[in-house]
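Remarks on the structure that follows.
Numbers restart at 1 for each chain; the letters A, B, ... are given by sequence-line order, proteins then strands. Side chains included, hydrogens not; waters and symmetry mates left out as well; all remaining heavy atoms used.
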Amino acid sequence: MDNMKTRFAPSPTGYLHIGGARTALFNYAYAKHNGGKFALRIEDTDFERSEKRFEEDIIESLKWLSIFPDEETIFQSERLGIYKSYVVQLLKENKAYYCFCSKELLEEDRNKLIAENKKPMYVGRCRELKPDEALLKTPHVIRFRVDRSSGAATGFKDLIRNQYINVNNDEIDDFVLVREDGIPTYNFAVVIDDALTGITHIVRGDDHLSNTPKQIMLYNALGFNAPEFAHVSMILGSDGKRLSKRHGATSVNQYKKEGFLPEALVNYLIRLGWSHGNDEIFSMEDIIKYFDLKNISKSAAVFNTEKLLWLNSHYIKLKDPFILINLINDIKDDFQSPLSIDIKTAALVESLKSRAKTLVELRNKLDFFIGETIDYKDEILNEFNFNENDSAFLKSFGEFIAGLSDEIFNCGDMDLTARTGKENALEKLKNSIESIKNEFNGFLSKNNWTMKEKAMLIRLAFTGEKVSPPIYEMIFSLGKERCVERIEKFSDYIINIKR
RNA sequence: GGCCCCAUAGUCUAGCGGUUAGGACGUUGCCCUCUCACGGCAGUAACACGGGUUCGAAUCCCGUUGGGGCUGCCA
């Protein structure tokens with residue numbers, strides 16, 4: 001299709017959530033795959049619930065996910081005049097009518113119908129009314145006149161199910177087009193905007209499935225060609241209920257804050273309900289290359305954080321440490337100081353990146369390095385029975401560190417703002433680690449010690465924890481002075497434990 | 001309640017009338033190993049049920065059950 005155009009049309013009544021993000025991604029991917037355009041429209045006709053901050057969040061979150069609209073974003077609140085002219089047309093053609101029923105009266109009708117076990121629909125009290133000017137000054141809404149001729153039905157073909165969905169018109173209420181305050185309702189505004197902006201394909205959640213016949217009626221009544229429709233199933237929480245705040249993080253920005261990479265979230269979302277054979281890893285480029293509606297699943301999908309975490313760790317492993325440092329600094333909260341962009345930090349990040357599933361986790365594993373001092377904790381150290389041999393080892397280990405050549409630690413003087421500078425620094429780092437390894441192994445074998453028996457002692461001395469980054473990297477990053485300092489402090493500590 | 005949609009392992013899915021029902025996450029075991037990870041290898045686990053159609057059904061049709069959605073002057 002030459003001039004395909006899709007759109008994402010969220011209402012700014014909340015942050016961009018996972019379901020919306022997936023819908024946006026599907027629309028974006030579909031348009032891009034077919035060489036078409038993707039548009040963003042903010043459906044802010046509910047003035048009560050719409051908020052500027054949500055609008056901004058939606059736009060920012062889409063950008064973060066690399067979902068870029070091809071056209072200027074449309075705001076429905078700025079198009080009220082346009083909708084109005086089309087209502088006038090419908091009224092003139094007798095396809096819509098004024099309704100003066102009060103909300104209280106409607107509520108009564110409704111309760112009555114429910115009590116009689118009937119479908120609660122508008123009773124049609126004003127359907128044939130010819131209001132005079134005086135009456136028009138009283139509060140009213142405008143309703144769509146649904147074709148009530150017997151057997152009338154409205155249908156459309158759903159691209160995902162690849163089948164026609166038909167609904168009897170008597171299932172469809174004379175729905176409101178314009179509210180009492182003159183603001184158009186959702187079903188009316190979407191149709192006008194989608195038609196006027198040339199949207200050819202609408203991909204949306206299947207919670208809209210039952211709205212579609214109403215919208216088809218409107219397209220017909222207004223003389224527009226209806227676009228194609230594709231209804232994607234919902235995303236469910238682990239309990240099988242529709243995904244909501246109860247299930248934990250649901251907004252895109254929250255995933256960002258929790259240390260997820262946009263690549264991971266995009267990859268996860270595209271695979272939630274869509275597949276391309278047995279492939280699991282998709283870059284945005286791959287997605288655009290392969291995406292097609294025919295591979296979208298008809299059934300609802302349960303959101304699974306474990307798989308998202310797996311993808312996140314996959315993408316973290318692919319990043320170079322300097323980029324990771326920047327990413328971590330991007331999401332740091334107000335209480336944290338930014339990581340410094342230097343080779344010592346990079347060395348640890350590099351060795352830690354396969355050990356963390358999120359950026360937040362990665363940052364936390366750096367605590368021992370960022371903190372000036374370490375508080376050794378009895379509850380951890382009491383598990384070990386330190387003895388004189390340990391003290392002796394620590395003493396000579398400290399001397400070994402102090403005796404290391406300064407040259408080994410010297411690679412912090414490169415220009416890390418340039419790509420080649422980073423590459424050189426990383427190259428030098430590799431050599432330094434290699435040197436430390438050789439020196440250290442020499443030191444061990446000279447004394448008939450093994451890595452296995454001494455590693456935990458060093459780990460505890462450097463971090464106070466039983467789990468740490470690899471030892472060579474820690475020696476490099478902490479540097480001679482801090483290593484020696486910690487070794488001495490730790491020695492003192494374990495001597496006191498023994499007593 | 002009415003209308004609509006859906007149904008392969010715990011989860012995401014491949015399958016599109018003939019397969020030992022494939023992959024991924026998770027999980028379990030082993031290997032690697034300075035801890036924890038990464039990585040490698042192996043294992044675990046599914047066609048909701050009942051009728052048809054057919055030589056043959058996970059695949060097509062109907063029903064049952066289960067789940068979801070809609071039933072707003074929200075979107």
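Taking only side-chain nitrogens and oxygens, Lys241(A) comes nearer than 4.0 Å to OP1 or OP2 of G68(B). Considering only side-chain N and O atoms, Lys317(A) lies under 4.0 angstrom from the phosphate OP1 or OP2 of G39(B). Put simply, Arg242(A) has a side-chain N or O that comes within less than 4.0 Å of OP1 or OP2 on C70(B).
With hydrogens and angles ignored, no donor-acceptor pair under 3.5 angstrom links the side chain of Glu171(A) to the base of G2(B). Residue-to-nucleotide contacts include no donor-acceptor pair under 3.5 Å from the side chain of Arg110(A) to the base of U71(B). At a cut-off of 3.5 angstrom, counting only N and O atoms as typed in the model, there is a donor on one side and an acceptor on the other between the side-chain of Arg355(A) and the base of C36(B). A donor-acceptor contact under 3.5 Å links the side chain of Glu180(A) to the base of C73(B). If you check distances only, the side chain of Asn278(A) does reach the base of G22(B) with a donor-acceptor pair under 3.5 Å.
Between Asp194(A) and Arg7(A) there is a salt bridge, since a side-chain N of the basic residue sits under 4.0 Å from a carboxylate O of the acidic one. Arg41(A) and Glu43(A) are joined by a salt bridge, as a carboxylate oxygen and a charged side-chain nitrogen come within less than 4.0 angstrom of each other.
Remark: the separation of the C1' atoms in C36(B) and C47(B) is 40 Å, to the nearest Å.
In this structure, C38(B) shows a glycosidic angle within 90 degrees of zero, which is the syn conformation.
Between the side chains of Ser11(A) and Asp46(A), no donor-acceptor pair of N or O atoms lies under 3.5 Å.
Phe8(A) has its ring centre no less than 6.0 Å from the ring centre of Phe26(A).
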